[in-house]
J.: 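Following this message is one structure expressed as structure tokens.
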2 protein chains.
Amino acid sequence: MVIRNIRLVLAYEGTAYHGFQRQPNAPTVQEAVEKKLACITGEPAQVIVAGRTDAGVHATGQVINFHTSGRIPIERVVLAFNGIAPFDIVARHPAEVPLEFHARFSARARTYRYYLWRAGPSPFLRRYTCRVRLPADAPERMRTALSALIGEHDFTSFCAAGAETDTRVRTVTQASLTEHGPLLRLTMTADGFLQSMVRIVTGTLLEIGVGKREPAEMAEILAARDRTVAGETVPPYGLFLTRVAY
Amino acid sequence: MVIRNIRLVLAYEGTAYHGFQRQPNAPTVQEAVEKKLACITGEPAQVIVAGRTDAGVHATGQVINFHTSGRIPIERVVLAFNGIAPFDIVARHPAEVPLEFHARFSARARTYRYYLWRAGPSPFLRRYTCRVRLPADAPERMRTALSALIGEHDFTSFCAAGAETDTRVRTVTQASLTEHGPLLRLTMTADGFLQSMVRIVTGTLLEIGVGKREPAEMAEILAARDRTVAGETVPPYGLFLTRVAY
């Protein structure tokens, strides 16, 4: 019996799921994916995931891997999966990878994006953006604040209270904010993210954007290593896991 | 008692509704809108609509009007409505209009758009586009065919069988197809549209795009005045009512 290790990229809309990770009494992306993988490999599937997205969070570049002794040709995996998967989950880029490849531990960097919408309500953007009111100079103020996050830091201030983790030190290699008409897009890349980290960073940036706080305070908030000094956690629906690098 | 006539522009995602027009046993946009208007005016509301979109069809520029003796200031109507409306319906641009204004009969032109997606499946586009496979020369062939529809014609070939209507003569003033990466956007403007007209035109264009038929056949299909000679009706979820002109 030959054991294979298969890697897939997943795009999913998180709206209908209670996050990626399997839970006893709620629909999760993991449960939906494992159920369909079992159908196409003919044996129970257990996936390893690069980033355990929270309830309501979306993905365009999530990465998973799973071991199987099933013999489905690699080029058939995605077609078969997408043919039976729920409409809000799509698999792409199937690859046979070495047995030691681990979607989570092998990952070198993850990129998340958060979308803010500065115009009137839209029925088409409500699942994917968070609507905000910001003064004209907000993006510039937010960008200044963001630069304080680049580098290796203890991000305890931006970690959900009670999150279980060994260390809260992460290295942020990119933190940018770009404007696309009324759409503001925050992009962060790091070796790893703490629970709710991008959403708490965004909530803190919004307080700086509206003038409740100064851009220079970002460094102080970071140095405090105290969740209570940072801003609120913004809603999950504006957040996308867009890329995992190996 | 002063009777007022109020006009609103509506944007809605049609996914959850059985079309605009009220039905006895299914959720409709009209029912949802009238219910919320009644809340803000304090009296039953009956709306007149510019275009009765079918089940699953979306709108960004639908127009309605309703008469009321309620005294809510016009600048409050949209805020109040959006504050209590379902998330998939948004009102914009409130206006007091003359009593004789009629969203349907006063309209001079309507514009619909249909979105075709030529790339892999996406969980984020599935509600708003129809996925198709087309050869490279398809857009050019489809554009040639589209030009045959411009002008005043009997569009019986492109009208849902059994649709109740006095005349099937309409004047199409715009029929264009533009490419935006893998997205193809069909835009049609006419004084009025028959039931499923844009969806049957799109289905016919697709047959021309894939080479099953020649662009020159469009004129013959139109001249036949026979629904059975045109192509299939494409799904509703790629269709948007984008503008009504008065």
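Every chain is numbered from 1 and lettered A, B, ... according to where its sequence line falls, protein lines coming before strand lines.
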J.: If you look only at distance, which donor and acceptor atoms sit under 3.5 Å apart when one is on a side chain in residues 234-246 of chain A and the other is two or more places apart or in another chain?
T.:
from, atom 1, to, atom 2, distance (Å)
A/Thr242, OG1, A/Thr111, O, 3.2
A/Tyr246, OH, A/Ala103, O, 2.7

J.: Looking at A/Glu232, I'd like to know if its CD atom is crowded, meaning that more than 12 non-hydrogen atoms belonging to other residues, nucleotides or ligands lie closer than 6.0 Å.
T.: no
J.: Of all the residues in residues 126-138 of chain B, which have a heavy atom that comes within less than 4.5 Å of a heavy atom in chain A?
T.: B/Arg126, B/Arg127, B/Tyr128
J.: For chain A, which residues of residues 48-69 of chain B have at least one non-hydrogen atom nearer than 4.5 Å to it?
T.: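 B/His58, B/Ala59, B/Thr60, listed by number.
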J.: Any chance CD of A/Gln46 has more than 12 other-residue heavy atoms, nucleotides or ligands included, within less than 6.0 Å?
T.: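 12 or below, so no.
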J.: Can you tell me if CD on B/Glu96 sees more than 12 non-hydrogen neighbours from other groups inside 6.0 Å?
T.: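 Counting neighbours around CD of B/Glu96, more than 12 heavy atoms of other residues, nucleotides or ligands fall under 6.0 Å, so yes.
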J.: What part of B/Tyr12 gets within 4.5 angstrom of chain A, counting heavy atoms only: side chain, backbone, both, or neither?
T.: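 Just its backbone gets close to chain A.
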J.: So for A/Ser122, is it side chain, backbone, both, or neither that comes closer than 4.5 Å to the heavy atoms of chain B?
T.: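 It is both, since atoms from each part get that close.
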J.: Taking every non-hydrogen pair under 4.5 Å, which of B/Pro121, B/Pro123, B/Ala11 racks up the most with chain A?
T.: B/Pro123
J.: Taking heavy atoms only and a threshold strictly under 4.5 Å, list by residue number the residues of residues 82-90 of chain B that touch chain A; give 'none' if the list is empty.
T.: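 Listed by number, the contacting residues are B/Asn82, B/Phe87, B/Asp88, B/Ile89, B/Val90.
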